[in-house]
Amino acid sequence: MHSRRLLTAMLLAACAASAHAQTTPSATRAETPAALVAAAKRAAGSDHAGTFLRICVAPDNQNGTPRPPPAARAVPDRATWYARPYKVFDNLYFLGTQIHSAWALTTSAGIIVIDTLFDYASGPEIVDGLSALGLNPKDIKYVLISHAHGDHDQGAAMLQSRYGAKVVMGAADWETTLQRPASAPGGVPKRDIAVGPEGRQIALGDTIVDVIATPGHTPGTLSYLFKVRDGNRTLTVAYSGGTAFNFPRSAENFAIYRDSASKMGAAAKAAGATIVMSNHTEFDRAWDRARIAQLPRAAGEKHPYEIGMDSVQGYFEMMRDCAEAQRLSMN
Ligand SMILES: [Zn+2]
C-alpha cells in the first residue's frame, strides 16, 4: 500500500511536470531532467506506461559499483515463471516465461531463436515448447542473444551444443561471456558470430533479421528488425534488446544509451516498424499479448501487438529522453 501511494505520488508529479511543460514553447524549451521526463511521459502514452515507470519514474540505477557476478541461483517455484508456448504470428512463436521472452522465428530453412531465458527455463520453455507447437528443436540454426545477462543468455550454450545452432552476440558481450567460469549456470557458449558496432544481417532461407548494435544496457546489446506475417499482412517488428538502467551510473553510459535509442528509433522508422518488442514481459506485455493473440478477431481488428509507427517511435523517444534526463541530472 505504501509503495503504491508513493508510486501514485510520483506519477502525479510526472503528470504535473507534463502539464507544465506543455505550456512552454518547445522551440525555446531548455532540456532539463524534468522537461525530458515530461516529454518521455507524453512519448510513452498508454502503450508504454510500464517501461516509462521503470526507466523514468523509478529507474533502478546502479550506484557506480560494478554489478556483482551472478550468484548460483536456486530454481524458483515453476508456478511463478512457467508459461505455455503460443503461436503469436504465422512465423513467430512465444517460448518465454511469465517474466522473460524467448521467441522462435520460423523460416523456410530452419528456426531462429531470439533470447534464451535462465538455464532452468530454457529446456521446459524453448525445447519442450517447440515440440509442443509441432516444431523441431533440431531445426534451430541461429540463437540471437540481445545481451549477455543470465536471464536472456543462459540457454545459449545448451542450444549450441545440442543442436549445433550458431550463437550471435554483440562483440563486447562475447568478451564478458567468455570470461565466465565453466560452472556458470547454463555453461559458456563458444564464440560463433560476434556483431560489432556496424551491425549485420542474419539471413536464413526466406528471412532476414537486421541486427543493430545498440550499446547501453550492456556494451554489446543488440536490437533487431524483422518481419512477421499475420494472415495476408506482413508487419515489421522492432525488438529492443536492453532496457533497464542497471549499468554503472555515468554520464558517458547514459549518453551511449541515449544515442542507441535514437539510432534504433531511426532504424525502426526507416523499416516502417509498427510493433515493438522487448525481452521482459513487463515492457511489452508479451505473455498477455501472446494469450490475447489466441482469441478470434473481428474483421479488420488489429493484432494485439500492432501499435502503429507513431507508438513505436514513442517507445524509442521515451528511452532516449529518460536516459538524457538521467545524464543531465548527474554532476
Ligand atoms: Zn539485462
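Each ligand, and each atom within it, is numbered from 1 in the order the structure gives.
- Restricting H147 to its N, O or S atoms, the one at the least distance from the Zn ion (ligand 1) is NE2.
- At a cut-off of 2.8 Å, H152 does not coordinate the Zn ion (ligand 1) through any N, O or S atom.
- Figure legend: cation-pi geometry between R229 and F89 absent, as NZ or CZ is not positioned both under 6.0 Å from the six-membered ring centre and within 45° of its axis.
- Residues D153 and T116 have side chains that never bring a donor and an acceptor to within less than 3.5 angstrom of each other.
- With the Zn ion (ligand 1) as the vertex, NE2 of H217 and ND1 of H149 span 100° to the nearest 10°.
- Neither side chain, K227 nor T234, offers a donor N or O lying under 3.5 Å from an acceptor on the other.
- Aromatic ring centroids of W103 and F94 lie under 6.0 Å apart.
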